[in-house]
Amino acid sequence: MATPSLNEAQLKLVSDLELEMMADMYNRMTTACQKKCVPPKYNEADLSKGESVCLDRCVSKYLEMHDNIGKKLTSMSQQDEATVKKIQDQMQPQKS
């Protein structure tokens with residue numbers, strides 16, 4: 001599939017958007033996993049073994065789901081592009 005070439009300003013915008021999306025994902029993951037695994041009132045300064053294991057699993061699942069969703073969205077986007085191209089090809093006048 002051909003990728004359209006982007007100028008420097010467009011590349012910067014894409015890079016900035018990607019960075020913003022990753023920061024947002026990190027913040028959501030941190031908030032969700034902390035709520036799930038760490039009680040609001042701390043008994044100790046360090047994480048307990050249970051809290052640590054819970055956080056590890058939570059982060060792992062969050063990143064795995066993020067990856068799966070990204071792959072699914074990419075697949076759907078590629079299918080949409082293929083469908084649009086097929087429709088465009090069908091709409092063009094046939095050469096005799």
Side-chain angles (χ1 to χ4, degrees):
M1 178 181 302
T3 304
S5 59
L6 302 174
N7 66 32
E8 195 171 320
Q10 290 169 325
L11 286 173
K12 170 120 175 67
L13 177 62
V14 168
S15 176
D16 289 347
L17 286 172
E18 187 173 351
L19 185 61
E20 185 178 325
M21 289 184 337
M22 289 303 293
D24 180 60
M25 193 244 348
Y26 177 80
N27 288 332
R28 287 173 187 253
M29 177 185 66
T30 302
T31 300
C33 292
Q34 184 174 2
K35 262 187 197 176
K36 179 179 179 174
C37 299
V38 181
K41 295 192 179 194
Y42 300 104
N43 296 329
E44 299 177 20
D46 295 332
L47 292 172
S48 71
K49 175 91 171 163
E51 292 167 340
S52 184
V53 169
C54 180
L55 285 168
D56 185 52
R57 288 181 179 161
C58 182
V59 168
S60 178
K61 287 179 182 180
Y62 204 97
L63 293 175
E64 183 180 349
M65 290 286 48
H66 179 74
D67 186 49
N68 289 345
I69 290 168
K71 287 176 182 175
K72 181 67 174 174
L73 289 174
T74 299
S75 172
M76 291 169 61
S77 176
Q78 290 172 345
Q79 288 174 353
D80 287 348
E81 288 177 17
T83 301
V84 167
K85 182 169 179 2
K86 185 176 178 182
I87 291 170
Q88 288 174 340
D89 290 346
Q90 289 174 350
M91 293 179 68
Q92 290 185 358
Q94 300 292 326
K95 294 182 182 177
S96 302

- Are V14 and L19 connected in a single hydrophobic cluster, I mean Ile/Leu/Val/Met/Phe/Trp/Tyr linked by side-chain heavy atoms less than 4.5 Å apart? no

- Item | Pairwise distance CE(M29) to CE(M65) - rounded to 0.5 angstrom | 14.5 Å

- Gap separating the CG atom of N68 from the CG atom of L73, nearest 0.5 angstrom: 11.0 Å

- Task: Kindly compute the distance separating CG (D67) from CD (E64), expressed to the nearest 0.5 Å.
- Result: 8.0 Å

- Message: Treating S52 as the side-chain partner and S48 as the backbone partner, does any N or O pair qualify as donor plus acceptor under 3.5 Å?
- Response: no

- Identify, with sequence neighbours excluded, every residue that meets salt bridge (Lys or Arg N to Asp or Glu O under 4.0 Å) alongside K85. D89

- Query: Do the side-chain sulfurs (SG) of C54 and C33 come closer than 2.5 Å?
  - Reply: no

- Atom CD in Q34, atom CD in E51: separation rounded to 0.5 Å? 10.0 Å

- Under 3.5 Å, side chain of T30 to main-chain N/O of Y26, donor-acceptor pair present? yes

- Query: Is a donor on one side and an acceptor on the other found under 3.5 Å between the side chain of E18 and the backbone of S15?
  - Reply: no

- Item | Euclidean distance, S60 OG relative to L55 CG, rounded to 0.5 Å | 12.0 Å

- Distance col, row M76:CE vs T83:OG1, nearest 0.5 angstrom, shows 11.0 Å

- Which residues share a side-chain contact (heavy atoms from CB on, under 4.5 Å) with M25, sequence neighbours left out: M22, Y62, L63, H66

- Item | Any D24 side-chain heavy atom under 4.5 Å of R28 side chain | yes

- Message: Taking atom CG as the centre, does D46 end up with more than 12 heavy-atom neighbours from other residues, nucleotides or ligands that are less than 6.0 angstrom away?
- Response: no

